[in-house]
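The structure under discussion appears below in the form of C-alpha cells.
Excluded from the calculations below are hydrogen atoms, water molecules and symmetry mates; all remaining heavy atoms, backbone and side chain alike, are included. Quick caveat: nothing in here was measured; it's all calculated off a predicted structure.
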Amino acid sequence: MLIEVPQLLNCEQIADCRAAIGKAAWIDGRGTAGDQSGAAKNNLQAREDDPHARRAGDLILGALGTNPLFIAAALPLHVFPPLFSRYADAQSFGDHIDNAVRQIPDTRHRIRTDLSATVFLTPPEDYDGGELVIADTYGSHSVKLPAGHMILYPATSLHQIRPVTRGARVSSFFWIQSMVRDDAQRTLLYNLDFAIQRLRRDHPDHASAIETMSVYHNLVRMWAEV
Ligand code: NI
C-alpha cells in the first residue's frame, strides 16, 4: 500500500531542515547502495555522520513521532536515521530494490526494511523530472509531492527516481521496521483503524466501537513482533 502523509513538516521545519543540510558535507550517493543499486544510482548524499545532517534527521524523527497517520500506517518498531539526497543535472536512480537489512551507523543494531519513506523537501515547481516511480501489483505510480509531504511504500517494491532535468531535487529517505512485517496485514490494520476512528467520531456511544477496537488490538497482538 502507498500512503501519502501530507504536511509531515510545516514551513518552518522545512526551512530548518534545508538550512541544516545546506551546511552538511555532500558525497557520491553510491556509498550507501548495494551492488545492483549502486550501478543504477547517480546522486549526491549528505554524509551520514555529518552533524548538520543528523540535526535535520532528528527534526524529521521528531515529526514522525507525533504524526498519527504515520504511526497508524507504519506501526513503527525502528526508524533508520533519515538520509538526504540531492539530484540535479539529469541525475537519476534507475530501477532497484532497497537492501532488506541495514545496519544503523555506529551501532551494532540492524533493522529490517519493511517500509521505505521519502520526505520531499523541494517544492515541485522548482524542478522538472525527479518523480519517484514505484511499481506494485497494480502497476506503476509516479509520485512528486509538495515540500514537507511524505510517501510511504512497501520496501519490497521496485522503484526509481526519474532524471531531474531542471533545478535540483532535495529529499530525505529512510526505512522503517514495522511491528507488523507483512504489508497485507499492515494494510488491513490500517483500514480497520481508519474505520474505527470514523465510527468513534460519528457514533461515539455505539457498542460496535468497543467491539471493533478489541478486534484491532487482538489482531495486533496476533501479528506484532516487538
Ligand atoms: Ni531506493
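No donor-acceptor distance shorter than 3.5 angstrom exists from the side chain of N67 to the backbone of A63, with no hydrogens or angles considered. Judged by distance alone, the side chain of R54 and the main-chain N or O of P82 form a donor-acceptor pair under 3.5 Å. For R30 (side chain) and K41 (main-chain N/O), a donor-acceptor pair under 3.5 Å exists by modelled atom type. The backbone N or O of V133 lies less than 3.5 Å from no partner atom in the side chain of Q160, so there is not a single donor-acceptor pair. Of the possible donor and acceptor atoms, none in the side chain of Q197 sits under 3.5 Å from a partner among the backbone N and O of F194. Under a 3.5 Å cut-off, the side chain of S178 and the backbone N or O of L75 do form a donor-acceptor pair. A donor-acceptor pair under 3.5 Å is absent between the side-chain atoms of N99 and the main chain of R102, judged by distance alone. The main-chain N or O of D16 is never found under 3.5 Å from a side-chain atom of E12 such that the two would form a donor-acceptor pair.
The two residues T122 and V170 make their nearest non-hydrogen contact at OG1-N, 2.8 Å. I97 approaches T156 most closely through the heavy-atom pair CD1-O, 3.2 Å. Closest heavy-atom contact between A117 and L152: CB-CD2, 3.9 Å. When all heavy atoms of L69 and E4 are compared, the closest pair comes out as CD2-O, 3.6 Å. The two residues P68 and T66 have their closest heavy-atom pair at CD-O, 3.3 Å. The two residues R55 and A20 have their closest heavy-atom pair at NH2-CB, 3.5 Å.
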TODO: Please report the C-alpha distance between D98 and S116 in whole Å, then the side-chain angles of each, then the deciding distance to 0.1 Å, and finally whether the side-chain hydrogen bond (donor to acceptor under 3.5 Å, both in side chains) criterion is met.
DONE: CA-CA 8 Å; D98 295 341; S116 296; 3.0 Å; yes
Task: Evaluation steps, side chain to side chain contact (heavy atoms under 4.5 Å, CB included), between H149 and Q7 - done: CA-CA 5 Å; H149 291 220; Q7 292 161 331; 3.8 Å; yes
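In this structure D126 satisfies the side-chain hydrogen bond (donor to acceptor under 3.5 Å, both in side chains) test with no other residue, sequence neighbours excluded.
Within the 4.5 Å cutoff, no side-chain heavy atoms of V143 are placed close to those of Y153. Using a 4.5 Å heavy-atom threshold, the side chains of W26 and D50 count as separate. Between V220 and V180, every side-chain heavy-atom pair lies at or beyond the 4.5 Å cut-off. Residues V119 and L9 form a side-chain contact, since some pair of their non-hydrogen atoms from C-beta on lies under 4.5 Å apart. You'll find the side chain of F70 stays beyond 4.5 Å of the side chain of I3, heavy atoms only. At a threshold of 4.5 Å between non-hydrogen side-chain atoms, the residues P76 and L64 do not count as touching. Side-chain atoms of F174 and V79, non-hydrogen and from C-beta on, do get closer than 4.5 Å to each other. Put simply, the side chain of F84 reaches to within 4.5 Å of the side chain of L121, judged on heavy atoms.
Heavy-atom neighbours of R110 CZ from other residues, nucleotides or ligands within 6.0 Å: at or below the threshold of 12. The neighbour count for D89 CG, taken as heavy atoms of other residues, nucleotides or ligands under 6.0 Å away, does not exceed 12. Within 6.0 Å of the NE2 atom in H109, the count of heavy atoms belonging to other residues, nucleotides or ligands exceeds 12. Summarising the local packing, CG of D106 is surrounded by 12 or fewer heavy atoms from other residues, nucleotides or ligands at distances under 6.0 Å.
The pair D183-R186 meets the salt-bridge criterion, since a charged nitrogen lies less than 4.0 angstrom from a carboxylate oxygen.
For the side-chain hydrogen bond (donor to acceptor under 3.5 Å, both in side chains) condition, the pairs that include at least one residue of residues 71-88, sequence neighbours left out, are N43-Y87, S85-S171.
Hydrophobic clustering (side-chain heavy atoms under 4.5 Å, transitive across Ile, Leu, Val, Met, Phe, Trp, Tyr) keeps Y190 apart from L219. Hydrophobic cluster membership differs between L83 and I161, with clusters built from Ile, Leu, Val, Met, Phe, Trp and Tyr side chains linked at under 4.5 angstrom. Clustering ILVMFWY residues whenever any of their side-chain heavy atoms sit less than 4.5 angstrom apart, transitively, puts L199 in a cluster other than the one holding L192. Transitive grouping of hydrophobic side chains (ILVMFWY, heavy atoms separated by less than 4.5 Å) brings L2 and F120 into a common cluster. At a threshold of 4.5 Å between side-chain heavy atoms, the hydrophobic network of Ile, Leu, Val, Met, Phe, Trp and Tyr places L8 and I71 in one connected group.
The aromatic rings of W175 and F173 sit perpendicular to each other, their planes meeting at more than 60°, with 30° as the lower class boundary.
With 3.5 Å as the limit, one finds no donor-acceptor pair spanning the side chains of H159 and S157.
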